Amino acid sequence: MPYPHPVPAGTSVTGQHALNALYQHRLVSTGQLHRLITPQHTRSEYLRRQLQSLRTDGLVECVNRRRHGQSELLWWLTESGAEAVEATGLLAKRPYRMSRQAAAGPLQEHTLATVETGLAFVTHAARLGHECGPLDWSPEIAHYYRSDDRPGEELSLIPDAVLHYVHTEADRRTLLTFFLEVDRTQMTVGRLAHKLHAYAAYHAYAPQPANRTARHHSRPQPAWRSRYPLYPRILLVLTGATPARLQRRINDLRSLAAADPHLATTGIKAGATTLDELRDQSPFAPIVTPVLGPATPTDIWLTPTTPAATAA
């Protein structure tokens, strides 16, 4: 490492929080970082100074993004910055490294939209007295499984993000976990439906124990139980088109899901909403259309009434 300590001496707490957020989320705009780690400040000048200091130290880099006639800097970690974060041991190591080419490339908008989705949960959690912080979602975590559809192959399901949210009400705390899929209308609805099929296959996948004796005496457990207390809800967040077009897309997805026999018998909970509704209203407003079953709008619980369980 280029430094004897995880970060250069004198790096502020805000600077350290920025390094962690950039390591976790890969590419984040100045405005998004401001809302994530310094929401208590009306203006972002202090954060901008900290980011420039980190850039001088060789820990971060940036590229300019022009959109709707305005420009904004997008930030990512250099190799030295990633090593500095990894040296702290606070975050799970990730092999992915952002580059200038990737930061300015075709996945730029999708990465930023995923961050914006997580930010909507963080913002509403702070307002509602719930818990969801800047590091409570992780992008692109691989989940491995096998399926009868493709015998002999090891398949991987990679959500755009896995998000954890703690809902609090009186003395009751409920952990909600979501598989987030951010759809900017760049892929066909058929591919979205295929990904829902993969979520159902992962839900059903129960590997056989390697030990023959254990295989004979125990019932295989679903692979997801080694990671989650309950199977995460699937939330598709649509953006990048007019509200009318996004609603048609949700309707088409429901039709394809209804025609999939695997989804008809699965125990998964899946719903779709738009990024604007999630951001402007609340995850607990009736903004979510269930992908399976009746189309009656609901919230991110994806149930008609608020459950009383301590984990959901």
Side-chain angles (χ1 to χ4, degrees), residues 12-51 72-75 85 90-92 111-139 141 159-182 232-239 271 273-288 297-303 306-307 309-312:
S12 68
V13 172
T14 296
Q16 294 177 43
H17 288 167
L19 290 174
N20 289 339
L22 292 173
Y23 185 87
Q24 183 94 328
H25 305 306
R26 305 182 300 188
L27 184 70
V28 189
S29 71
T30 304
Q32 289 175 331
L33 281 171
H34 174 51
R35 286 179 285 147
L36 266 181
I37 62 178
T38 57
Q40 71 278 13
H41 296 161
T42 304
R43 302 173 66 85
S44 61
E45 277 73 8
Y46 176 73
L47 172 64
R48 294 173 190 270
R49 290 197 299 271
Q50 302 310 305
L51 290 169
E72 185 173 33
L73 293 179
L74 309 180
W75 299 88
V85 172
L90 295 177
L91 300 179
T111 303
L112 295 174
T114 302
V115 173
E116 196 66 28
T117 300
L119 249 171
F121 279 92
V122 171
T123 301
H124 287 297
R127 178 179 61 83
L128 296 168
H130 301 166
E131 296 177 18
C132 186
L135 304 178
D136 280 334
W137 77 94
S138 300
I141 302 296
D160 286 330
V162 178
L163 181 138
H164 302 285
Y165 188 104
V166 178
H167 180 279
T168 60
E169 185 176 1
D171 295 331
R172 184 175 62 209
R173 294 168 55 82
T174 306
L175 172 63
L176 296 164
T177 304
F178 297 91
F179 289 138
L180 297 181
E181 290 292 339
V182 178
R233 290 164 171 80
I234 302 158
L235 185 65
L236 297 100
V237 181
L238 283 67
T239 185
T273 187
T274 69
L275 179 55
D276 284 343
E277 287 178 308
L278 184 64
R279 192 167 38 199
D280 298 341
Q281 298 187 46
S282 164
F284 301 97
I287 62 170
V288 180
T298 183
D299 57 20
I300 60 168
W301 288 101
L302 285 167
T303 52
T306 301
T310 58

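Residue numbers count from 1 along this sequence. Below, each value reflects all heavy atoms present in this structure, side chains not excepted, and no hydrogens, waters or symmetry copies. Just so you know, these numbers come straight off a predicted model, no measurement behind them.
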Worksheet entry | Evaluation steps, ring-ring contact (aromatic ring centres under 6.0 Å, His included), between H130 and F284 | CA-CA 12 Å; H130 301 166; F284 301 97; 5.4 Å; yes
Fill in: R233 side chain near I300 side chain, heavy-atom distance below 4.5 Å
no
Discussion item. Would you compute the distance between atom CH2 of W137 and atom OG1 of T117 and round it to the nearest 0.5 angstrom?
Written reply: 9.0 Å
Fill in: Rounded distance [0.5 Å steps], OG1 in T274 versus CD1 in I287
7.0 Å
Discussion item. Between L176 and W301, is there a side-chain heavy-atom distance shorter than 4.5 Å?
Written reply: yes
Practice prompt. Please tell me if the side chains of F178 and P159 come closer than 4.5 Å, counting only heavy atoms from C-beta onward.
Written response: no
Fill in: Student check: side-chain heavy atoms of V122 and C132 closer than 4.5 Å
yes
Worksheet item: Thinking salt bridges, do R172 and E169 make one under a 4.0 Å N-O criterion?
Response: yes
Worksheet item: Can you check side chain to side chain contact (heavy atoms under 4.5 Å, CB included) on R173 and E131, steps first, answer last?
Response: CA-CA 10 Å; R173 294 168 55 82; E131 296 177 18; 2.7 Å; yes
Discussion item. Are L235 and T273 packed together at the side-chain level, in the sense that at least one heavy-atom pair is separated by less than 4.5 angstrom?
Written reply: yes
Item to complete: Mind telling me whether F121 and Y165 have parallel, tilted or perpendicular rings, with 30° and 60° as the class edges?
Response: perpendicular
Worksheet item: Under a 4.5 Å cut-off applied to non-hydrogen side-chain atoms, are L278 and P283 in contact?
Response: yes
Worksheet item: Between the side chains of Q24 and S138, does any donor sit under 3.5 Å from an acceptor?
Response: yes
Worksheet entry | Within-4.5 Å side-chain heavy-atom neighbours: L74 and V28 | no
Fill in: T30 and W75: CA distance, side-chain angles, deciding distance, side chain to side chain donor-acceptor pair (under 3.5 Å) verdict
CA-CA 7 Å; T30 304; W75 299 88; 2.8 Å; yes
Worksheet item: If you draw a 6.0 Å radius around CZ in R127, do more than 12 non-hydrogen atoms from other residues or ligands fall strictly inside?
Response: yes
Worksheet, complete the sentence: Paired with L33, the side chain to side chain contact (heavy atoms under 4.5 Å, CB included) test is passed by just one of L119, L47, L73, namely L47
